[in-house]
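As structure tokens, the structure follows; a few thoughts come after it.
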Amino acid sequence: MTPKVYNVGKSIIPKAEILKLENKTVNLIKSKRPVDSVAFSCQLHDIGRAFQVRNELPCLNKHAKRFAQRLVNLGDNNLAAIIYSLLIKLNAGNSEIIEQVATAALAIAKRFHDPVHIMARANDLKEIYKITKPASREHLNALLTERRALTQICTDYDKVKKRFMTLTRKMKPIRGYELKLAAVRYEIAEIMYKYDRNAAKDNLFKAREIMLKYDQGNLFRKIEKLLREIDK
């Protein structure tokens with residue numbers, strides 16, 4: 001598959017193009033021939049923008065979700081993840097679609113033991129539940145999933161980095177993941193401290209330990225404040 005750049009706009013029929021890409025990709029996989037993931041991503045993003053220009057995102061969502069599921073069934077997690085990432089990006093603000101897509105993508109990432117993508121998709125769900133279901137079981141579960149993934153990344157950073165595969169980005173330095181872990185631990189403590197103070201304090205102590213390692217900024221002050229409130 002060689003990269004093809006479409007003239008984005010109403011001059012192409014994106015539904016026909018995504019069906020062509022789906023058939024071509026599936027045939028390559030079934031015949032055990034390699035699929036150039038960079039070319040695949042370029043074509044998919046061009047098609048996605050064409051759907052967007054034509055105000056036809058519901059049509060894209062329908063066909064892209066089916067396409068991704070076919071890829072999952074064929075065992076190609078990488079290409080399916082590219083589709084899900086595009087759907088999350090293009091459907092910003094549509095919490096229902098993002099929840100559906102992020103949940104499916106999270107299941108794939110868990111199946112392939114991919115902590116970086118588990119973290120990203122759990123974060124997508126967390127941001128949705130923070131607005132639609134704050135402090136709910138769903139919100140807490142997303143945070144706990146994100147914490148487990150971040151803990152694995154921070155503990156086995158070099159190993160995870162060697163396995164990490166993405167088209168356009170490299171893994172951040174470990175500092176970024178550790179600071180994110182501290183923030184997630186604080187968010188968990190905010191929900192848990194009213195009914196499980198010990199678990200909340202454990203998360204806060206571990207978050208504070210990270211912040212002491214790097215800096216003592218606003219998050220550090222929020223951690224200290226919540227610890228004082230719990231100890232009242």
Side-chain angles (χ1 to χ4, degrees), residues 1-30 35-112 114 116-134 136-139 141-142 145-146 166-169:
M1 279 173 84
T2 55
K4 179 179 179 181
V5 178
Y6 293 103
N7 179 21
V8 177
K10 298 190 176 183
S11 59
I12 72 166
I13 302 175
K15 179 179 176 181
E17 296 297 339
I18 197 169
L19 291 173
K20 282 168 57 179
L21 180 61
E22 178 178 351
N23 289 333
K24 183 176 182 179
T25 304
V26 167
N27 288 336
L28 284 170
I29 294 172
K30 286 183 175 179
V35 178
D36 185 330
S37 58
V38 174
F40 176 87
S41 180
C42 289
Q43 293 183 39
L44 183 69
H45 279 72
D46 285 340
I47 293 168
R49 286 196 295 271
F51 272 110
Q52 195 173 34
V53 167
R54 294 165 68 100
N55 295 316
E56 294 180 354
L57 283 182
C59 185
L60 169 66
N61 296 336
K62 174 184 174 182
H63 289 284
K65 285 191 288 185
R66 186 196 64 193
F67 187 3
Q69 188 57 55
R70 289 189 74 184
L71 292 171
V72 171
N73 294 341
L74 290 168
D76 200 315
N77 170 60
N78 185 41
L79 297 182
I82 292 170
I83 294 176
Y84 286 135
S85 294
L86 177 68
L87 288 177
I88 289 170
K89 178 181 178 181
L90 292 184
N91 284 281
N94 188 333
S95 60
E96 182 178 354
I97 292 296
I98 293 177
E99 181 179 2
Q100 292 173 5
V101 173
T103 300
L106 177 60
I108 293 174
K110 285 182 175 180
R111 187 184 309 171
F112 286 85
D114 181 348
V116 177
H117 286 100
I118 290 173
M119 172 202 70
R121 300 292 78 85
N123 182 73
D124 290 328
L125 290 170
K126 174 193 73 178
E127 292 301 321
I128 291 169
Y129 296 138
K130 190 185 294 186
I131 297 170
T132 62
K133 301 177 183 179
S136 66
R137 173 53 56 182
E138 293 90 342
H139 185 189
N141 282 342
T145 299
E146 188 176 12
T166 185
L167 294 172
T168 59
R169 292 181 298 168

Euclidean distance, N94 CG relative to L87 CG, rounded to 0.5 Å: 10.5 Å
State whether K15 and E56 are salt-bridged, where the test is any N-O pair (Lys NZ or Arg NE/NH1/NH2 against Asp/Glu carboxylate O) under 4.0 Å. no
Rounded distance (nearest 0.5 Å) linking atom CD1 of I47 with atom SG of C42: 11.0 Å
Any side-chain heavy atom of F40 sitting closer than 4.5 Å to one from L21? yes
Say whether, by atom type as modelled, one donor and one acceptor occur between the side chain of N23 and the main chain of L19 under 3.5 angstrom. yes
Would E138 and I128 count as a side chain to side chain contact (heavy atoms under 4.5 Å, CB included) if you check the C-alpha gap in whole Å, the side-chain angles of each, and the deciding distance to 0.1 Å? CA-CA 10 Å; E138 293 90 342; I128 291 169; over 6 Å; no
Side chain to side chain, I97 and L57, heavy atoms closer than 4.5 Å: no
What is the distance from atom OG1 of T25 to atom CD1 of I83, rounded to the nearest 0.5 Å? 7.5 Å
With K126 via salt bridge (charged side-chain N to carboxylate O under 4.0 Å, His left out) - residues at least two apart: E146, E187
Decide side chain to side chain contact (heavy atoms under 4.5 Å, CB included) for E22 and H63; before the verdict, give the C-alpha distance in whole Å, the side-chain angles of both, and the deciding distance to 0.1 Å. CA-CA 9 Å; E22 178 178 351; H63 289 284; 5.6 Å; no
Partner residues of N27 under the side chain to side chain donor-acceptor pair (under 3.5 Å) criterion, sequence neighbours left out: none
Check: V101 and N61 side chains under 4.5 Å, non-hydrogen atoms: no
So do K110 and T145 actually touch side chain to side chain, heavy atoms under 4.5 Å? yes
Could you state the interatomic distance from CZ (R49) to CG (L60), rounded to the nearest 0.5 Å? 12.0 Å
Looking at side-chain heavy atoms only, is the closest gap between I131 and S95 below 4.5 Å? no
Can you tell me how far apart CG (L74) and CG (L28) are? Round to the nearest 0.5 Å. 11.5 Å
In the structure I gave you, are the side-chain heavy atoms of R111 and V72 within less than 4.5 Å of one another anywhere? yes
Could you pull out all residues at least two apart from E127 that satisfy salt bridge (charged side-chain N to carboxylate O under 4.0 Å, His left out)? K130
For P14 and A50, work out which heavy atoms get closest and say how close. CB-CB, 4.0 Å
E99 backbone acceptor or donor facing T103 side chain under 3.5 Å: yes
S37 versus I82, closest heavy-atom pair with distance: O-CD1, 4.1 Å
Over all heavy atoms of both residues, which pair between G75 and F112 is shortest? Give the atoms and the distance, please. O-CZ, 4.4 Å
Going from CD1 on I18 to NZ on K20, what distance comes out if it is rounded to the nearest 0.5 angstrom? 12.5 Å
